[in-house]
Amino acid sequence: MPELPEVETVRAGLERWVVGRRIASVEVRGERTLRRHLLGPADFTARLTGRRIAAARRRGKYLWLPLDDDSQLLAHLGMSGQFLALEPEVPPGAHLRARLQFDDDGPELRFHDQRTFGGLALSDAGITDDGVPLVLSHVAPDPIEPAFDPERFVTAIRRRRTGVKRAILDQTLISGVGNIYADEALWRAKLHYARATDRLRRSDVERLLAGITAVLLEAIQAGGTSFDALYVSVNGESGWFDRSLEVYGQDGEPCSRCGALIVREHFTNRSSYRCPKCQPKPRNGRW
DNA sequence: ACATCCACCTGCTCGC
DNA sequence: TGCGAGCAGGTGGATG
């Protein structure tokens with residue numbers, strides 16, 4: 001659910017609500033949220049307390065808040081993570097995992113996560129030339145950041161030997177794309193999800209990249225996709241891009257381009273949606 | 001180095 | 001009504 005556009009919406013909310021503020025206290029609930037912070041909750045809390053939040057940044061689906069001591073508070077929303085800016089007196093919700101209170105006594109930052117695939121961690125391992133925390137250096141640039149090199153992407157994906165949807169879901173090749181926007185981008189590029197990456201023409205990949213970039217930017221513009229209350233942006237507003245989805249979740253509906261009925265299929269243990277006419281199946285397995 | 005599979009979670013919906 | 005199965009799906013470690 002939270003893919004790049006939703007995470008960007010959350011990043012903008014964090015910028016609005018917490019950048020420039022000093023952390024006065026930290027509370028963590030449960031074990032799983034800090035599982036990536038290997039030094040444990042006591043270390044996390046101690047190192048965060050007293051720090052000022054300097055910025056709110058993102059690569060793909062990862063968020064981080066650079067702090068005034070050159071460490072970074074890393075966050076991943078997983079499937080159901082939310083950041084909420086709430087007044088301290090608001091009673092804690094059922095899925096509250098962590099809360100940061102500030103020395104200005106203003107709204108606190110709460111991290112909620114129903115399914116606990118998300119998490120927080122603190123890193124002081126430094127940053128790369130792109131300004132990305134070293135612990136995230138396995139995450140490829142996303143298509144809307146300056147460090148993204150389209151030529152490099154075209155070359156890299158055509159060297160892979162896999163299906164095109166698998167490739168664009170691989171965060172080490174291109175980051176930010178999840179199951180929803182992958183299907184939307186493939187529809188825009190008129191590509192079947194199982195098309196062999198090493199048989200794609202340059203023009204296919206360029207069309208695909210254009211589709212990915214366009215759908216991500218349009219979704220950001222719209223405030224991110226939301227299906228239900230699981231996804232809420234940092235100030236509590238849900239997105240509405242789901243009204244604009246062309247294929248995802250649209251099985252049985254006519255394709256807006258050709259009128260054929262959208263189908264739902266399973267691919268890599270996930271649902272995939274496509275137009276059977278615009279995105280026809282490879283005939284002999286590979287093509 | 002690369003590709004694939006599955007565990008990790010909770011809560012909702014569906015069918016019997 | 002109860003209950004289990006299926007489903008949602010990002011990440012990363014294990015396995016090939």
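The analysis underlying the following values was restricted to heavy atoms, covering all of them including side chains, and did not include hydrogens, waters or symmetry mates. First the proteins, then the strands, lettered A, B, ... as listed; each starts at 1.
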What is the distance from [atom1] of [X] to [atom2] of [N], rounded to the nearest Å?
| X | N | atom1 | atom2 | answer |
| --- | --- | --- | --- | --- |
| A/L136 | C/dT11 | CG | P | 11 Å |
| A/D183 | C/dG10 | CG | P | 10 Å |
| A/L173 | C/dT11 | CG | P | 14 Å |
| A/D142 | C/dG10 | CG | C1' | 16 Å |
| A/D113 | C/dA8 | CG | P | 19 Å |
| A/E3 | C/dA8 | CD | P | 14 Å |

key: Ring geometry between A/H37 and A/F44 (parallel below 30°, tilted from 30 to 60°, perpendicular above 60°)   =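 Rings of A/F44 and A/H37: perpendicular, over 60°.
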Would you tabulate the pairs of protein nitrogen or oxygen atoms and nucleotide nitrogen or oxygen atoms of nucleotides 12-14 of chain C closer than 3.5 angstrom?
{"from": "C/dG12", "atom 1": "OP1", "to": "A/Y62", "atom 2": "OH", "distance (Å)": "2.8"}
{"from": "C/dG12", "atom 1": "OP2", "to": "A/Y62", "atom 2": "OH", "distance (Å)": "3.2"}
{"from": "C/dG12", "atom 1": "OP2", "to": "A/H138", "atom 2": "NE2", "distance (Å)": "3.3"}

ask   = Distance under 6.0 Å and angle within 45° of the ring axis: does A/R166 meet both against A/F267?
value = yes
query = Cationic tip of A/R59 within the cone over A/Y62's six-membered ring, i.e. under 6.0 Å and within 45° of the normal?
reply =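 Cation-pi check for A/R59 and A/Y62: fails.
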message = For A/R152, is the CZ atom crowded, meaning more than 12 foreign heavy atoms sit under 6.0 Å from it?
response =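 Incorrect, the count does not exceed 12.
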query = More than 12 heavy atoms of other residues, nucleotides or ligands under 6.0 Å from CD of A/E87: is that the case?
reply = yes
note = A correct 5'-to-3' footprint of nucleotides 3-13 of chain B, with B, S and - meaning base, sugar-phosphate only and no protein heavy atom under 4.0 Å, is SSS--BBBS--
message = Check this for me, if you would: do A/R22 and A/D68 make a salt bridge, where the nitrogen-to-carboxylate-oxygen distance has to be below 4.0 angstrom?
response =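 Answer for the salt bridge query: yes.
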key: Pair A/R188 + A/E184, salt bridge at N-O below 4.0 Å   = no
inquiry  = side chain to side chain contact (heavy atoms under 4.5 Å, CB included), that's the test. Do A/T128 and A/L134 meet it? Break it down for me.
reply    = CA-CA 6 Å; A/T128 66; A/L134 272 177; 3.7 Å; yes
